There are 2 protein chains.
Amino acid sequence: MVTSGKPQNAPERDAESCRLPWPFDVYEAQCPTRMVLDRIADKWAVLILDRLRDGPVRFNHLRRDIKGISQKVLSQTLKKLERDGLLSRAVFPTVPVTVEYALTPLGRTLTDAVAAIAHWAERNMEAVLAAQAAYDARAGGEPG
Amino acid sequence: MVTSGKPQNAPERDAESCRLPWPFDVYEAQCPTRMVLDRIADKWAVLILDRLRDGPVRFNHLRRDIKGISQKVLSQTLKKLERDGLLSRAVFPTVPVTVEYALTPLGRTLTDAVAAIAHWAERNMEAVLAAQAAYDARAGGEPG
DNA sequence: AGGATAGGTTTCCATTGGAAACTAGCTTCC
DNA sequence: GGAAGCTAGTTTCCAATGGAAACCTATCCT
């Protein structure tokens, strides 16, 4: 079990040894920015963060809204986003217990960017579909 | 081999049957927007698209700039982004052959959003690191 | 007691990701 | 003339991840 919070495939020098004089650089392999980029540049994380923009949402509500997400992946993604300080988890001792997820102030600074990604897909879907069709037609039948 | 361009795990009604009266909705499971979101909300795709903002870049140049990406994943990601019409691939018959990747106009409409994601990680890295440390301290030693 | 609801965890298997080796055309070095 | 090196990939192999479905714990309702 790897509950200690550090991925076991990272070469030991993950977050600490990279705090060098230069500003953080996503293009560097071992830089912590990479871990964060890997977290937020993720289909499910994007949808979750976007969904939380209008206020706190409960676990099962998220699960129903974000169609197709599995409970496992939802809970995993929420846990990671919480650990990164992007969202907060509030347990209410109702019955049955209620758990609300909400954006933190830090999370709020990200949601515009994330929402832009999510909704770009909606706005430009037809263009992408057309491009795919064109590409497939070319790849399927054209010699040179 | 699944070179026909359609993922074999998709339930047949992938891109075509979803063009309904309602606008595309990323929250719907079988909607093509999901495929696109899956493509662009991806660590490597984000880095590639961001890297192409300043103009065309060659394959090996991308590989060296985006530290840690493997050739396989780079070529796969480039191929998918090309199919989606986000970038173009230009082969120059130099010697050795040169291949340049560049953003298409459609790709350009995405890069601001994508760059915002990539650089949010750089700007907010310290806050994320602090949040992780706090979370781990709590999870490691606090009873309830 | 049996079923529903809330919020997960566990199990299992297919898909994906990454490291490294290999391909292939052409050039320069020795 | 053959080895090495550049280009841009593909292939192979294995570990890690993702998703579907089952299971779990707790409390209320009937």
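This structure is a prediction, so every number in the text was calculated from the model and none was measured. Here is the naming used below: chain letters follow the sequence lines, and residue numbers restart at 1 for every chain.
- Side-chain proximity of B:Arg58 to C:dG7, D:dT7, C:dT9: nearest is D:dT7.
- The phosphate of C:dG18 (OP1 or OP2) has a side-chain N or O of B:Lys43 nearer than 4.0 angstrom.
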**Message:** For B:Asp112 and B:Arg53: C-alpha separation, side-chain torsions, deciding distance, then whether salt bridge (Lys or Arg N to Asp or Glu O under 4.0 Å) applies.
**Reply:** CA-CA 9 Å; B:Asp112 280 347; B:Arg53 285 219 300 180; 3.2 Å; yes

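- Rounded to an integer number of Å, the gap from B:Asp42 CG to D:dG18 P is 11 Å.
- Among D:dT7, C:dA6, D:dG9, the nucleotide with an atom closest to any side-chain atom of B:Val99 is D:dG9.
- A close approach under 4.0 Å does not occur between any side-chain nitrogen or oxygen of A:Trp44 and OP1 or OP2 of D:dG18.
- Nearest to the side chain of B:Phe59, among D:dG19, D:dG9, C:dG7, sits D:dG9.
- Regarding contacts with the backbone of C:dT9, a side-chain N or O of A:Lys79 is found under 4.0 angstrom from either OP1 or OP2.
- Rounded to an integer number of Å, the gap from B:Ile48 CD1 to D:dG9 P is 12 Å.
- One finds no side-chain N or O of A:Arg63 lying less than 4.0 angstrom from the OP1 or OP2 phosphate oxygen of C:dG7.
- Salt-bridge check for B:Glu28 with A:Lys67: passed, with a basic side-chain N closer than 4.0 Å to an acidic carboxylate O.
- The two residues B:Ala121 and A:Val36 have their closest heavy-atom pair at CB-CG1, 4.0 Å.
- Within the 4.0 Å cut-off from OP1 or OP2 of C:dG8, at least one side-chain nitrogen or oxygen of A:Arg89 is found.
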**Message:** Test side chain to side chain donor-acceptor pair (under 3.5 Å) on B:Tyr27 and A:Asp50; report intermediate values, then the result.
**Reply:** CA-CA 10 Å; B:Tyr27 287 99; A:Asp50 183 61; 2.6 Å; yes

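- Of the side-chain N and O atoms in A:Ser75, one or more sit less than 4.0 angstrom from OP1 or OP2 of C:dT9.
- Between the C1' atom of C:dG8 and the CZ atom of A:Arg64 lies a distance of 14 Å, rounded to the nearest Å.
- At C:dA6, none of the side-chain N or O atoms of A:Tyr101 fall inside 4.0 Å of OP1 or OP2 (strictly under the cut-off).
- The phosphate of D:dA8 (OP1 or OP2) has no side-chain N or O of B:Thr98 nearer than 4.0 angstrom.
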**Request:** Determine, for nucleotides 19-26 of chain C in 5'-to-3' order, which nucleotides have protein heavy atoms under 4.0 Å from the base (write B), from only the sugar-phosphate (write S), or from neither (write -).
**Result:** B-B---BS

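- Taking atom CG of residue B:Leu74 and atom C1' of nucleotide D:dT10, one finds them 13 Å apart after rounding to whole Å.
- Mapping B:Lys80 and A:Leu78 onto DNA chain C via the closest heavy atom, the residue that lands nearer the 5' end is A:Leu78.
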**Asked** Between B:Arg34 and B:Asp38, does a side-chain contact (heavy atoms from CB on, under 4.5 Å) hold up when you go through it step by step?
**Response** CA-CA 6 Å; B:Arg34 270 296 175 77; B:Asp38 204 23; over 6 Å; no

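- The separation between B:Leu37 atom CG and D:dG18 atom P is 14 Å, rounded to whole Å.
- In this structure, the CG atom of B:Asp65 is 16 Å from the C1' atom of D:dA8, given to the nearest Å.
- If you take CG of B:Asn60 and C1' of D:dG5, they are 12 Å apart, rounded to a whole angstrom.
- Look at CG on B:Asp38: it is 10 Å from P on D:dG18, rounded to the nearest Å.
- To the nearest 0.5 angstrom, A:Leu103 atom CG is 8.5 Å from A:Leu86 atom CG.
- At a threshold of 4.0 angstrom between heavy atoms, the contacts of A:Phe92 with the nucleic acid are absent.
- Put simply, CD1 on A:Ile48 and CG on A:Asp42 are 8.0 Å apart, with the number rounded to the nearest 0.5 Å.
- How far NZ of B:Lys43 is from CD1 of B:Ile66: 11.0 Å, rounded to the nearest 0.5 Å.
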